[in-house]
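Taking it in order: structure first as structure tokens, then the write-up.
The structure presented is a predicted model; accordingly, all values stated were derived computationally and were not measured. Protein chains get the first letters and strands the later ones, always in sequence-line order, with residue 1 at the start of each.
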2 protein chains.
Amino acid sequence: VISFTPITGLPEFHPGDDLVTTIASSLRDGDVVVLSQKIVSKVENRFVDLASIEPSARATQVARECGKDPRLVEVVLRESTDIVRVAKNVLITRHKLGFVLANAGVDQSNVPGGRTLLLPADPDASAQRLRDESRKRFGIDVAVLVCDSFGRAWRMGVVGTCIGCSGLVALHDRRGETDREGRKLEVTQVAVADQICATASLVAGEGSEGTPIVIARGVPASYRGNGTARDLLRPLDQDLFQ
Amino acid sequence: VISFTPITGLPEFHPGDDLVTTIASSLRDGDVVVLSQKIVSKVENRFVDLASIEPSARATQVARECGKDPRLVEVVLRESTDIVRVAKNVLITRHKLGFVLANAGVDQSNVPGGRTLLLPADPDASAQRLRDESRKRFGIDVAVLVCDSFGRAWRMGVVGTCIGCSGLVALHDRRGETDREGRKLEVTQVAVADQICATASLVAGEGSEGTPIVIARGVPASYRGNGTARDLLRPLDQDLFQ
């Protein structure tokens, strides 16, 4: 049995806040703590004031194509290595960290004062830091995932997706295992961290009633490991759309 | 709190078996029952004997490109409207039902005797039938999802994904809602059914130790509704890769 419990009654978080102390009393050994990207980015002060941004000619051109604020587009392009798709209301890029997602994960919702919020600079490191602090300061051994909402190529709607991981097998490799008939498994790699982030994101909700930290309890110990969110990135030479 | 509990001790299922009677004692009002595609297909006798298949010239050609059995490729092509991608060991198609997935969901693992197993003919109808039977015969009001493992364009590993839905909002449309600042939500459509299938699939596992039916308990009543898996298909004119 795996259960997903939101941590309720959390304060609004600000740069420098001590996340671990705030949630330590809710944690138990073996928990998987799933944090929304937004809360991690806020604590890590990943705000960018749009008023400080001077859009480049390219950003202005792309902004015209997608109908977005040229300053926002400038921020998105600075966060990205490639534009994957631009269309009316759509700007999908490959983030410097390798993730393909809308607006490079740059977020304007729930961010006061015309500011935008970037993804954490290194979400795997953010996850590891929280995990280390939980262990060192509170003696609690947890795994930590950082989650953002991603769209998909052929499907409607977003799903929670892992962008940071510490203490868990992100990608479970079952190559070599066999089924009941002794035949090699067809499905050989399972995106464990994404599967956990998907339901955590549903439990967290979005918007005004959101609870940005969710505890997944009962994840089998066999999924403990040293995976990172980078394990979940399809190498460019296997990209289906290059 | 949402919990995911596998139903253990299930028998091997065969065509015509009575799924609902087998699991009724595990169900409560309000549960979301997530069934693996494979078990639904078996009960619905969606087996195809490869020995009976004569591959077409096109299937033979495609089989050469991907290195798969030409008879399997023939079955896949008959299930599909388009080939999305073919490469060494890779055959991704658009299934007649609209889903883009590997081998049109045609499965050779866990299927005895050189047979393959197609997706259910109409997985939304399969889900609705199970839901109706649960209510009529046992007086238990559940929602039902049918789940398969899908790969993704830019990410490694598979995740559980919804191919059939009854009694649940598959795609939660939040357009018009606002965040704490009164700003319109950026993320406006959430793939609720996919998010539930993702963790259900993790709990179900794959292969010899698999438990193909998982109960999700505690899904908010606000997600009750009349969605279908078709709601989760991105319309072709919004396809990012046409």
If you take all heavy atoms of B/Gln195 and A/Val159, which pair is closest and at what distance?
OE1-CA, 3.4 Å
Roughly how far, to the nearest 0.5 Å, is CZ of B/Arg94 from CH2 of A/Trp154?
8.5 Å
Can you see whether B/Phe150 has A/Arg152 sitting over its ring - NZ or CZ less than 6.0 Å from the centre and within 45° of the normal?
no
For the atom pair CD1 (A/Ile196) and CG (B/Leu202), what is the distance rounded to the nearest 0.5 Å?
5.5 Å
Give, as side chain, backbone, both or neither, the part of B/Asp231 having an atom under 4.5 angstrom from any heavy atom of chain A.
backbone
Are B/Thr199 and A/Thr199 close enough that a side-chain donor and a side-chain acceptor fall under 3.5 Å?
yes
Determine whether B/Pro235 and A/Met156 make a side-chain contact, defined as any pair of heavy atoms from C-beta on separated by less than 4.5 Å.
yes
Which one wins on heavy-atom pair count under 4.5 Å against chain A: B/Ala191, B/Pro220, B/Cys197, B/Ala216?
B/Ala191
Chi angles and distances behind the side chain to side chain contact (heavy atoms under 4.5 Å, CB included) call for B/Arg155, A/Arg234
CA-CA 5 Å; B/Arg155 296 179 69 79; A/Arg234 190 180 280 278; 5.6 Å; no
Residues, nucleotides or ligands: over 12 heavy atoms within 6.0 Å of A/Asp82 CG
yes
Interface moiety of B/Leu232 toward chain A, non-hydrogen atoms closer than 4.5 Å
both
Which residue out of B/Leu233, B/Asp194, B/Leu171, B/Val192 racks up the most heavy-atom pairs below 4.5 Å with chain A?
B/Asp194
